[in-house]
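Worksheet: one structure, shown below.
Indexing begins at 1, ligand by ligand and atom by atom, following the structure's order. These figures come from a predicted structure and were not determined experimentally.
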Amino acid sequence: MSQRYAYLGPEGTFTEAALREHAPGPADARFVPMTGVAAVLDAVRAGDAEAGMVPLENSVEGGVNATIDELVNGEPLQITAEVALPVEFSLLAAPGTRLADIKRVVTHPHALAQCRGWLRAELPEAQTFTAASTAAAAHLVAEPGSSYDAAIAARIAGERYGLAAVAVGIGDHRDAVTRFVLVRRPEPPGEPTGADRTSLVAFIRDDHPGALLEILSEFAVRGVNLTRIESRPTGHGLGRYCFCIDAEGHVREARVAEALMGLRRICSGLRFLGSYPRADGGRPELRPGTSDADYTSAESWLSAVREGRR
Ligand SMILES: O=C(O)C(=O)Cc1ccccc1
């Protein structure tokens, strides 16, 4: 059966480029553009798509809240793959438009944040507006009688919507990288590759001194390195946060499994978001005593103690 991949559309988004990098066109795959992150995730939840690609975080601007909040609060989904993509932003407008003509610029909030310095220097008078994606912004600019003069998007979006590049490479950080994730309905995680990441959301049981330290300790004592930790409001009152965590390793590895069980005991809620191969291929540096073999040997020792075999 043909696999349907939903993605943050319309055609020409960076997310589409990430999806094409992940699934470079098995003949039977269908890529389905959606109008927003929530629509992508809902299509997967409803079974209208087998998988969905959405942006998760950027090396300059941090987490994409629309994605994170959906993964934290919506009906559970599981991350099964990630793609890290360098992004290059272009200023796109109707052919013949000069920089001096541009008064109203539209794009995705993350693109805006990453081109702020360039806009301040080159278009200090321009008003900025946001759209559901960079390609959605390009589409808006291309509409007849559009109220926007230019969009910030991938150059390919300009080609797709008949816009010309007024400026290219306008991001403030040349080496900006965006991380995209492929989500599916919950399923048993794949086998560890040795270079994996585990994502989860931890909810503190009650606000008390050291609550975050307790969460971190569950990883620290088992030698599990974290690659991201971000607090997000739970929506249940000021000062109430959950922690979105990415850790090195796989839930099928003992040290990660034990850390997760520790969190499960001390947190009011714990949402497993997936164990999947890292895009950068990074392998954890194992601390002494934290390998699967060390855990197995400790379990055997405990059994011996309990059975009086010492
Ligand atoms: O995929 C896109 O085009 C988006 O609009 C999301 C986005 C925005 C900025 C950088 C990477 C992805």
Check your understanding: Is the closest basic N to carboxylate O distance between E159 and R155 below 4.0 Å?
Key -> no
Exercise for review: Go through the structure and list residues passing side chain to side chain contact (heavy atoms under 4.5 Å, CB included) with H208, not counting sequence neighbours.
Suggested key: D206, A211, E214
Practice item. Determine the minimum heavy-atom distance between A150 and A93, stating which atoms define it. Key: CB-CB, 4.2 Å
Point to revise | Donor-acceptor side-chain pairing of S291 and D294 below 3.5 angstrom | key: yes
Measure and list all N/O to N/O distances between ligand 1 and the protein that fall under 3.5 angstrom.
unit_1	atom_1	unit_2	atom_2	d
ligand 1	1 (O)	F14	N	3.2
ligand 1	1 (O)	T15	N	2.9
ligand 1	1 (O)	T15	OG1	2.6
ligand 1	3 (O)	F14	N	3.0
ligand 1	3 (O)	T134	OG1	2.4
ligand 1	5 (O)	T134	N	2.8

Practice item. Using the ring pair (Phe, Tyr, Trp, His ring centres under 6.0 Å) rule, collect all pairs that involve residues 136-176, keeping only residues at least two apart or in two chains. Key: F129-Y148, H139-Y161
Check your understanding: Residues in side chain to side chain donor-acceptor pair (under 3.5 Å) with Y295, at least two apart?
Key -> none
